[in-house]
Amino acid sequence: MPDIPKTYTAESYEDALYQRWEESGLFTPIIQEGVRPFVISIPPPNATGTLHLGHATMLAIQDIMIRYHRMKGIPSLWIPGTDHAGIATQNKVEKLLAEKGITRHQLGRPKFMEEVEKFVEQSRSTIKTQVKKMGASVDWSRERFTLDQGLSRAVREVFVRMYSDGIIYRGDSIVNWCTRCSSTLADDEVKYKEEHTKFYYIKYGPVIIGTARPETKFQDKVIIVHPDDERYKSYHGQKLQVPWINGNVEATFIADPAADPEFGSGAMTITPAHSFVDFDIAKRNSLPIISIIDEKGNLTAEAGEFAGQNAHDARAAIVKKMQDRGLIESVDHNYMHNLSVCYRCDTPIEPLVSKQWFVDVNKEFKFKKSNRRPIKGIRDGQKVTLKQLMRHAVEKNAITILPDRFNKTYFHWIDNLRDWCISRQIWYGHQVPVWYCVGDKDKACKIDCKEPVVGTSAPEQCKYCGSSNFRQDPDTLDTWFSSGLWTFSTLGWPDDTADLRYFHPTSVLETGYDILFFWVARMILMATYAIGEIPFETVYLHGLVRTRTGEKMSKSKPETCIDPLDMIAKYGADALRLSMIVGSAPGNDVRLYEEKIAGYRNFVNKIWNAARFALLNIGEEDLNRPMSQELKSTAAISLADKWILTRTQELIKDVTNHLENFQFSEAGTKIYDFTWGEYCAWYLEISKGEHKNLPVLIYVLKTVLKMLHPFVPFVTEALWKELNEEKMLIGEPWPVFQKDLIFKKDAADMQAIIDTISAIRSMRQESGIEAGQKLNAIVYASKKHLSLLEAKREPIIRLGRLEELELHQLTKAGDHKVHNALSQFLSCGIEIYIPVEGIIDIASERVRLSKEVENLKSYLSSLDTKLSNENFIKNAPTALVAEQREKQATEKEKLAKLEKKLAQMSV
RNA sequence: GGGCGGUUAGCUCAGUUGGCUAGAGCGCCUCGUUGACGUCGAGGAGGUCACAGGUUCGACUCCUGUACCGCCCACCA
């Protein structure tokens, strides 16, 4: 008999098990031509530090999918990796340096980069450890990092292609500028914060204009009015002199629909260089764009005497001057507006015009079709825009988004998408693959050869002046530019590798809904553009992990913020995994707290003990005996065996279906209920009293362990070893539904026994009979049931805690009187009486009985009305009608018996 | 302003083609040393499925509207 501890202590098994898995090589799939693989690219965690519960969630869900498919015998690849996360990582390192009083500028670019790389190396190894702690069965041999040589090559390749297709361009455009990061930000890297501020109404010649930012108004020179606004129709195109902050300016009236006649005076001035809306108006009307604020946040020469001052700080003085000049009409002191701030550092965003690199999402180019798994519906060489491609991929169902409500969000995002600013003025990242000739020292370049040279590597010689001195563009690319390539750059693209050919497109992209735009959409853009394939077939979006009260978890609130590593140390990775899977629906946020994890730890321990008990009954020789044949041999098989075998087959069907349909919570719940509520609570309990059928016991245990494995890989693998299995569970085949192990009738019979025992237990306790008190039970049943009950006499007595069990055949008259007894009438026709004379007060039983009669009556009346409704009979499925009829009959019979019984008690 | 989601037992949540007297875990109450498990076992209380209409033989489930909570997008000078 194996010596197994009474409780499962996760920490003494997990690391060793993970190591065994790794050493087994099973994390690395074997390419089988002709078999479609199952592939997940991990959403690469940022190389900024540690994993949080969001990562734990994604690891749990993805590991379930990977392990399931691996067990099904499908080559399953899960590629791990990390993202360099340019801005986030640079900020982090800058903060660390600031603690030592050092700035990145003091260090200089090369030294600073060394610091970053040191930090990142550390961080990446921490992340790797944590991924292992979760039990994630990723293929470490294919681990990638967005700054790897290969991936960097992919980045340059895409950049060059896009540039030559005219999709990437360099231009002066309005961008979100973070003055602290000294960098641009993409539109979706800007967050909004509500803020109270002053709102100024200012006289501008004949009109009153409103603004919250008077410091940007120095060069406002046009008055925009709506073309249809009758008040201003005669002014269109007129010029006039207007007294302004630093003297008079010449103002022009321009008609443009952007002006809302209902708002204020219906007229407005514009500041094209510092407002996205105004910039568009200026472009439409070919108006000059004058920068008032520079990249440090200071006022430019255009501000006259205020030049050089910080724009925000100068506001008061500027307002003062306006006031002195009589320009201020009024001030609203309680104006609410949304302040835009940097999503990384919370600094207010300054929209300004700057020379940057953009991806044009509306520019047509010739689509290049993949020759392996091309997107349907678009021809090779067809002219398309990136927007159209992104829309097409999802609209035509090449990509399925789950839950599907996110389709709408996705389309809305695409429709409002503007050109993507991809250059960043930070140091950490892929440097823009663009060079500029600087000429030679002795022979300064006379020809104007300053045009950008774009290429995958530095140019050798300037085609104009022959110089080989080039300066690479100092900017780096948006992090999402490289992570957008993730599904195929990790497989070796731009080379035509075996991996790329076999594993792309990937199967499922599983991630949080919060990065649908940041990342998911960008991957669709990049894959469809660069290789003419979709990056993945299904997008599964999980919700955010929140605190018990629904707040976002934040490290600044340690009392509610849960660290996955702490939980793993305390409850085990299996428990943590379950707590994030069961009871959560896709796309919905999950509230997590410690008791929940503790609950699943209890379940993990239950699994352990279920196996432990089985093992206490199984000898070594039994374990090692092949016994698949004996399973079906009728000689040794009992009713309980047939029942549990049937239930097991049904479970295989259910769990497999749910997993195929991404219903992880449902699948988990089903195995949980089966393991605890059927296998342990009934099958094992009943087996204690009778001759054990070892083949069935072992078969069911192993089958359940297999199905549990994707959810709780550690405890199941540990037990698998105790079962003397040589191979590891991770590589076992997924259970297959076997029709010949379904015993429908026997299963129903067993259910009748279970119901009988439950009824006895419930009667005892409801009447407040002491647990130690042994009782007699008198049971009436049909001939068929009688032999069943006879056969299961032992468990009924034991589990019902009876002294004696009297069995009688039910007579047609049903006239058996058992005086002063508790009674229960089961739907299957079994009648149970427990004489309680001298044990309890019979009056309370009367009360209980009448309550039950009332219940039954109201239920029956609802059935009656339903069945007397012609339309129900006509329209409802016949099976349902039959079922309801049957129910009506049995419940009617039951009611008659209950009423009779109640009458007998009135003595 | 536009869009999306939530509202089911005291708490946290399941409930996917509309068809069982609506389920689970935790908590609560009563009880328990039965050959694995007290990280256990038995039983129980507790819900007009937010509200109001509608469609349907039938609605927690579909439609319309309302209220409250939350999220996303846009951002009115």
Side-chain angles (χ1 to χ4, degrees), chain A residues 4 6-8 187-188 192 199 209-213 224 258-260 262-264 267-271 275-278 281 337-338 340 403 405-406 408-409 412-413 416 513-514 516-517 543-544 546 548 550 571 575 579 582-585 587-593 595-596 598-617 661 663 665-666 669 672-673 677 680-681 684-685 688-689 758 761-766 768-772 798-799 801 855-856 858-860 862-863 865-866 869-877 879-881 883-884 887 891:
Chain A
I4 306 169
K6 286 176 97 165
T7 47
Y8 171 66
D187 290 346
D188 40 22
Y192 295 90
F199 192 78
I209 58 159
T211 185
R213 302 200 60 196
I224 304 287
D260 177 4
E262 306 291 318
F263 190 89
M268 64 178 181
T269 63
I270 57 167
T271 312
S275 152
F276 281 84
V277 176
D278 294 2
I281 299 172
H337 80 149
N338 277 326
S340 49
R405 68 180 125 96
F406 284 102
K408 214 170 172 176
T409 323
H412 182 260
W413 182 80
N416 292 293
Y513 63 73
D514 53 330
L516 177 62
F517 306 139
L544 270 38
R546 296 177 174 279
R548 152 173 254 141
Y571 302 105
S579 70
V582 178
S584 74
N588 285 5
D589 292 351
V590 188
R591 298 187 188 195
L592 193 70
Y593 39 88
E595 299 96 292
K596 205 171 187 171
Y600 289 108
R601 185 270 321 265
N602 296 352
F603 174 61
V604 168
N605 189 57
K606 188 74 181 176
I607 300 169
W608 181 259
N609 273 288
R612 179 171 186 260
F613 176 71
L615 281 163
L616 293 176
N617 289 290
N661 292 308
Q663 294 163 333
S665 172
E666 284 290 293
T669 307
Y672 181 102
D673 290 343
C680 291
L684 291 187
E685 281 307 320
K688 284 176 184 173
S758 288
R761 284 170 164 179
S762 148
M763 285 152 79
R764 299 181 59 107
Q765 303 224 18
E766 268 184 67
I769 297 169
E770 276 182 36
R798 178 164 49 90
L799 299 175
R801 313 213 71 209
N855 266 343
L856 201 50
S858 78
Y859 177 45
L860 260 173
S862 82
L863 277 181
T865 43
K866 190 184 276 182
N869 184 338
E870 277 175 41
N871 287 319
F872 175 71
I873 309 295
K874 212 163 55 192
N875 297 317
L880 183 75
V881 177
E883 190 188 305
Q884 300 285 306
K887 208 165 260 178
E891 296 304 306

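All chains are named by letter (A, B, ...) in the order of the sequence lines, taking the proteins before the strands, and each is independently numbered beginning at 1. In this text the structure is predicted, and so the values were computed from the model without any measurement.
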Out of [options], which nucleotide sits closest to the side chain of [X]?
X: K606(A); options: A42(B), C37(B), C76(B); result: C37(B)
X: E685(A); options: A36(B), G19(B), A77(B); result: A36(B)
X: H412(A); options: A36(B), C73(B), A14(B); result: C73(B)
X: F872(A); options: C57(B), A14(B), A36(B); result: C57(B)
X: Q765(A); options: A77(B), U30(B), C76(B); result: U30(B)
X: V277(A); options: C76(B), G25(B), G19(B); result: C76(B)
X: N609(A); options: C57(B), A77(B), A36(B); result: A36(B)
X: N338(A); options: C57(B), G5(B), A74(B); result: A74(B)
X: R612(A); options: U39(B), A36(B), U21(B); result: A36(B)
X: E766(A); options: U21(B), G44(B), A36(B); result: G44(B)

What is the distance, rounded to the nearest whole Å, between atom [atom1] of [X] and atom [atom2] of [N]?
X: R764(A); N: G44(B); atom1: CZ; atom2: C1'; value: 15 Å
X: N605(A); N: U39(B); atom1: CG; atom2: P; value: 9 Å
X: H337(A); N: G1(B); atom1: NE2; atom2: C1'; value: 17 Å
X: L863(A); N: G19(B); atom1: CG; atom2: P; value: 16 Å
X: N602(A); N: A36(B); atom1: CG; atom2: C1'; value: 15 Å
X: E595(A); N: A24(B); atom1: CD; atom2: P; value: 20 Å
X: N875(A); N: A59(B); atom1: CG; atom2: C1'; value: 16 Å
X: R405(A); N: G2(B); atom1: CZ; atom2: P; value: 21 Å

Across the strands shown, which category fits [X] at heavy-atom distances under 4.0 angstrom: base, sugar-phosphate, nothing?
X: I209(A); value: nothing
X: R591(A); value: sugar-phosphate
X: E666(A); value: sugar-phosphate
X: Q884(A); value: nothing
X: T669(A); value: nothing
X: D589(A); value: nothing
X: G583(A); value: sugar-phosphate
X: Y192(A); value: base
X: K6(A); value: sugar-phosphate
X: G587(A); value: nothing
X: A614(A); value: nothing

Residue from R764(A), E766(A), Q765(A) passing side-chain hydrogen bond (donor to acceptor under 3.5 Å, both in side chains) with S762(A): E766(A)

Can you tell me how far [atom1] in [N] sits from the matching atom in [M], rounded to whole Å?
N: A67(B); M: C29(B); atom1: C1'; answer: 36 Å
N: U16(B); M: G3(B); atom1: P; answer: 26 Å
N: G2(B); M: G65(B); atom1: P; answer: 13 Å
N: G25(B); M: U61(B); atom1: P; answer: 25 Å
N: A9(B); M: A24(B); atom1: P; answer: 14 Å
N: G10(B); M: G44(B); atom1: C1'; answer: 16 Å
N: G5(B); M: G41(B); atom1: P; answer: 40 Å
N: U55(B); M: G47(B); atom1: C1'; answer: 26 Å

Quick one: look up who [N] pairs with, Watson-Crick or G-U, both distances under 3.5 Å, and put none if it's unpaired.
N: A24(B); value: U12(B)
N: C60(B); value: none
N: C71(B); value: G3(B)
N: G18(B); value: none
N: C37(B); value: none
N: A42(B); value: U30(B)
N: C51(B); value: G65(B)

Sub-4.5 Å side-chain heavy-atom contact between [X] and [Y]:
X: V590(A); Y: K596(A); answer: yes
X: F603(A); Y: I607(A); answer: yes
X: S275(A); Y: I270(A); answer: no
X: R761(A); Y: R801(A); answer: no

Distance-only donor-acceptor test (3.5 Å): side chain R798(A), base U34(B): no

5' precedence on RNA chain B between K408(A) and D673(A) (nearest-nucleotide basis): K408(A)

Residue closer to the 5' end of RNA chain B, K596(A) versus A610(A) (nearest nucleotide): K596(A)

CG-CD1 distance between L615(A) and I4(A), expressed to the nearest 0.5 angstrom: 4.5 Å

Exam field: side chain N869(A) to backbone T865(A), donor-acceptor pair closer than 3.5 Å: no

Donor-acceptor contact below 3.5 Å, side chain N609(A) vs main chain T7(A): no

Y513(A) and D589(A): side chain donor to acceptor below 3.5 Å: yes

Under-4.0 Å side-chain N/O to phosphate OP1/OP2 contact, N588(A) with A14(B): yes

Distance below 4.0 Å between S858(A) side-chain N/O and U21(B) OP1 or OP2: no

Plane angle bin for Y600(A) and Y672(A) - parallel if under 30°, tilted between 30 and 60°, otherwise perpendicular: perpendicular

